[in-house]
Amino acid sequence: MKIKYSLPQIDFKSLRRVVKHFGGHLEPFKSKLALSVVTLLGVSAMTLLRPWPLKIVFDFMLTPQAKMAKKPFLAPLARWDSLNVVLLAAGMVLAVAIIGGLLSYAQEILTKTVGHGVTASIRLQLFSHVQRLPQSYHDFRETGELLTRLTGDINLLQDLLAETFVNFTGQMVLIIGMLVIAFTLDWQLALLILMIMPLFVFAALRFSRQLKSAAGSQREKYGRMVASMEETLSGISQVKVFAQEKERDKLVGKSVSRDFKAGLKATKIAAHYSRVVEIITAIGTALVLLVGARKAFAGEISPGDLIVFVTYLRGIYRPVQVIARLSAKTAKAVIRGEKIMEILELEPEISDRADAVSAKNIKGDIRFIKTVFSYINKEPILNELSCTIPQGKTSVLIGPTGAGKSTLAKLLLRLYEHQRGSIVIDGREISSYKVLSLRKRITSLTQDTFLFRTSIRDNIGFGRKKASPAEIEEAARLVGADEFIRKLPNGYDTLVGEGGLTLSGGQRQRISFARAALRNSPIMIFDEPATGLDIHSEREAKEALRGLKQDRTLLIITHRLNFLDLAEWAIFIRDGRLVEEGIPSELLENKKEFYKFVGEEAGDHGHYDGLDSRIIEGIDE
Ligand code: ADP
């Protein structure tokens with residue numbers, strides 16, 4: 001037989017790096033880990049002891065009384081009667097099984113405790129870190145990919161740090177223990193076992209690779225089969241309308257048969273492996289018997305020794321197989337561990353400067369001065385943009401789609417850092433404020449209001465966990481949400497989202513407005529608040545915004561004219577540059593760019609709602 005085998009590629013440098021990096025998480029579990037190694041040594045010892053009761057009984061029966069005193073294990077039994085010896089052996093069998101069982105129970109629980117503890121600790125560290133990575137990191141990541149890191153990858157790491165280590169130690173101890181005992185009993189027979197061992201190693205390595213690839217292909221085929229059925233069933237009405245049942249039968253039939261073949265292949269490989277192990281074991285046993293029995297006849301070893309040899313030989317493939325599997329697993333865990341490390345080594349969010357001050361008292365006088373910003377490796381999105389967002393006023397930031405309006409808002413929140421120029425709030429560069437304190441003073445609502453799967457009350461209270469129910473209801477009243485919330489099945493305690501209530505766009509928005517109102521920050525940004533709303537909801541949104549105004553700095557971002565009549569200040573940007581800014585009525589009177597844009601927009605959409613008469617007159621002229 002031509003034996004093809006490959007050692008799993010463990011990169012030991014990486015292994016060291018991974019273990020060093022995550023080893024710290026084992027710290028709180030050090031004593032448990034040590035204890036689990038100790039119990040494992042006990043388990044190994046019990047496994048080694050298993051053939052010994054039989055050996056003692058056989059030797060006692062077959063050794064002439066006269067010779068007994070000379071044999072190391074038999075001498076103390078020389079004067080015992082046979083019944084007592086048999087009782088001793090039977091007792092030993094039970095003791096070995098019971099002690100071994102208890103120890104292996106303890107060992108399993110201890111190792112799993114360490115494993116789960118390590119997983120929890122790494123998972124929390126990674127999650128907490130990922131949350132704090134810059135927005136620019138999340139822009140380019142699939143949530144699914146991050147979830148894989150947080151779930152499957154960490155599980156593999158758990159195996160590597162706890163179970164692999166313990167298991168590897170245990171199996172090695174078992175192999176070494178068997179060899180040491182074998183060599184003490186008879187070096188020639190021990191050498192025979194040592195010669196047969198590599199055959200087990202080759203077989204285990206070869207088949208573990210084959211089995212792995214067969215299992216992988218089986219999973220893939222199974223996935224495809226499920227997908228093909230799922231697709232057909234979810235499109236069942238189309239299948240029926242187009243009378244495609246036969247075709248779909250054929251299509252699904254193919255994937256079913258592929259899954260069947262893949263499953264069969266994996267089973268065949270596993271069965272093949274078991275037979276190969278059996279054959280190697282049989283050859284080994286035959287050899288040991290051949291040599292051993294002759295030695296026993298010649299009196300070089302006792303008959304009981306032969307039992308020990310044969311038992312060890314038959315048992316040695318197991319630890320070899322486990323080690324082969326562990327090395328494959330380790331190789332995989334190291335790669336995954338490195339991926340997790342890559343994430344952990346990324347710098348968390350924009351960090352505070354040493355001299356950063358709290359933004360607790362800012363009012364909201366905002367200036368952009370020749371601000372330049374581009375997303376990673378892209379054209380500048382803000383191109384020396386200069387504009388003013390006056391304190392305590394309602395401003396609209398208007399401009400065509402892609403002008404950079406949302407980007408401007410994100411820079412204010414320091415979700416990204418501008419590259420050149422300045423952004424100043426209340427006379428200070430925003431980089432001189434502490435990031436978190438700044439974000440607490442600015443409330444930004446984007447178009448896609450995200451509601452968490454919890455009660456309406458908790459959704460409103462999202463930005464201020466300590467808010468009282470009265471404050472939450474007050475905030476809802478302020479933005480005109482109280483009335484519809486009270487009509488919901490459970491009022492403020494109605495659950496939102498999956499399995500709960502679905503809300504209309506306008507209602508969702510009102511809840512997010514209430515969330516903003518509760519936060520009571522001096523600066524509020526509303527990014528395209530009219531998106532997806534019908535005219536009725538839009539009017540209500542406008543009322544809500546009026547309610548929120550008070551003496552806040554309100555910035556409404558819009559590419560249309562919906563909220564122009566609320567505005568005391570307008571900033572018109574295009575291609576990342578300021579075109580015009582000023583009091584809307586004055587801008588219209590000037591009849592320059594802003595006037596033209598408003599005219600075109602109003603003409604395009606035929607949607608004058610919200611423009612006050614002064615503006616409409618301005619356009620009509
Ligand atoms: P507006 O709000 O005026 O419609 P945005 O500020 O959203 O414009 O976008 C301005 C430009 O920046 C667009 O060309 C957009 O494709 C690009 N952009 C927006 N967000 C990102 C991002 N996270 N990464 C890279 N480019 C982006």
Side-chain angles (χ1 to χ4, degrees), residues 130-146 346-350 366-389 394-421 423 430 435 439 442-450 509 512 523-533 538 541 545 554-564 567 569-581 584 587 593-594 596-598 600-601 604-605 607:
V130 163
Q131 270 210 102
R132 285 169 180 74
L133 285 178
Q135 182 66 38
S136 53
Y137 173 83
H138 291 282
D139 288 348
F140 297 99
R141 289 298 176 292
E142 297 278 341
T143 314
E145 189 193 321
L146 278 175
L346 291 174
E347 279 292 314
E349 190 141 39
I350 305 169
I366 304 167
R367 274 163 225 281
F368 282 75
I369 305 163
K370 295 200 167 183
T371 311
V372 176
F373 171 74
S374 59
Y375 292 102
I376 304 162
N377 306 328
K378 290 258 178 80
E379 302 267 292
I381 302 293
L382 298 190
N383 215 340
E384 302 216 333
L385 175 92
S386 295
C387 68
T388 307
I389 302 166
T394 302
S395 305
V396 286
L397 176 60
I398 202 162
T401 308
K405 303 183 296 293
S406 306
T407 305
L408 184 147
K410 289 182 204 157
L411 290 185
L412 267 181
L413 284 160
R414 292 187 69 196
L415 290 175
Y416 303 87
E417 203 86 80
H418 59 286
Q419 282 98 20
R420 274 191 286 132
I423 302 173
I430 53 168
V435 178
R439 288 189 192 154
I442 305 177
T443 299
S444 170
L445 296 186
T446 47
Q447 307 153 21
D448 42 347
T449 307
F450 188 83
Q509 191 189 46
S512 75
I523 303 172
M524 287 192 184
I525 303 171
F526 298 89
D527 197 343
E528 302 283 4
T531 307
L533 298 190
E538 195 179 305
L545 286 176
L554 237 57
L555 180 67
I556 302 170
I557 298 177
T558 168
H559 68 288
R560 282 164 50 191
L561 309 172
N562 325 61
F563 294 93
L564 211 51
W569 188 258
I571 304 152
F572 175 34
I573 70 170
R574 187 189 287 142
D575 299 333
R577 290 174 202 274
L578 178 73
V579 184
E580 258 188 310
E581 66 175 343
L587 290 180
E593 296 289 328
F594 181 71
K596 269 195 247 164
F597 180 74
V598 170
E600 279 164 19
E601 280 292 307
D604 277 358
H605 296 287
H607 179 34

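Numbering of ligands and ligand atoms starts at 1, following listing order. Note that these values count all heavy atoms, side chains included, but never hydrogens, waters or copies made by symmetry.
- Using a 4.0 Å cutoff on heavy atoms, G404 counts as a contact of ligand 1.
- Take R577 and apply the salt bridge (Lys or Arg N to Asp or Glu O under 4.0 Å) test, not counting sequence neighbours, and it matches no residue.
- Listed for the Q419 side chain is a donor-acceptor partner under 3.5 Å among the backbone atoms of S374.
- Of all the heavy atoms of D139, the ones lying under 4.0 Å from any atom of ligand 1 belong exclusively to the side chain.
- No side-chain donor-acceptor contact under 3.5 Å links T407 and Y416.
- Closer than 4.0 Å to atom 19 (C) of ligand 1 lies at least one heavy atom of the protein.
- Among protein heavy atoms, the minimum distance from atom 2 (O) of ligand 1 is reached at S406 OG, 2.7 Å.
- Between the side chain of R420 and the backbone N or O of E384 there is no donor-acceptor pair closer than 3.5 Å.
- Looking from atom 26 (N) of ligand 1 to the surrounding protein, the closest heavy atom is Y375 CD1, 3.1 Å.
- By the ring pair (Phe, Tyr, Trp, His ring centres under 6.0 Å) test, F572 is found to be paired with F597, residues two or more places apart in sequence or in another chain being considered.
- Summary of contacts: the protein heavy atom closest to atom 4 (O) of ligand 1 is G402 N, 2.7 Å.
- Shortest contact from atom 11 (C) of ligand 1 to any protein heavy atom: I381 CD1, 3.6 Å.
- The protein heavy atom nearest to atom 9 (O) of ligand 1 is T407 OG1, 3.7 Å.
- Around the CG atom of D575, the shell of radius 6.0 Å holds no more than 12 heavy atoms that belong to other residues, nucleotides or ligands.
- When non-hydrogen atoms are compared, ligand 1 lies under 4.0 Å from neither the backbone nor the side chain of F373.
- A donor-acceptor pair under 3.5 Å is formed between the side chain of S386 and the backbone N or O of K370.
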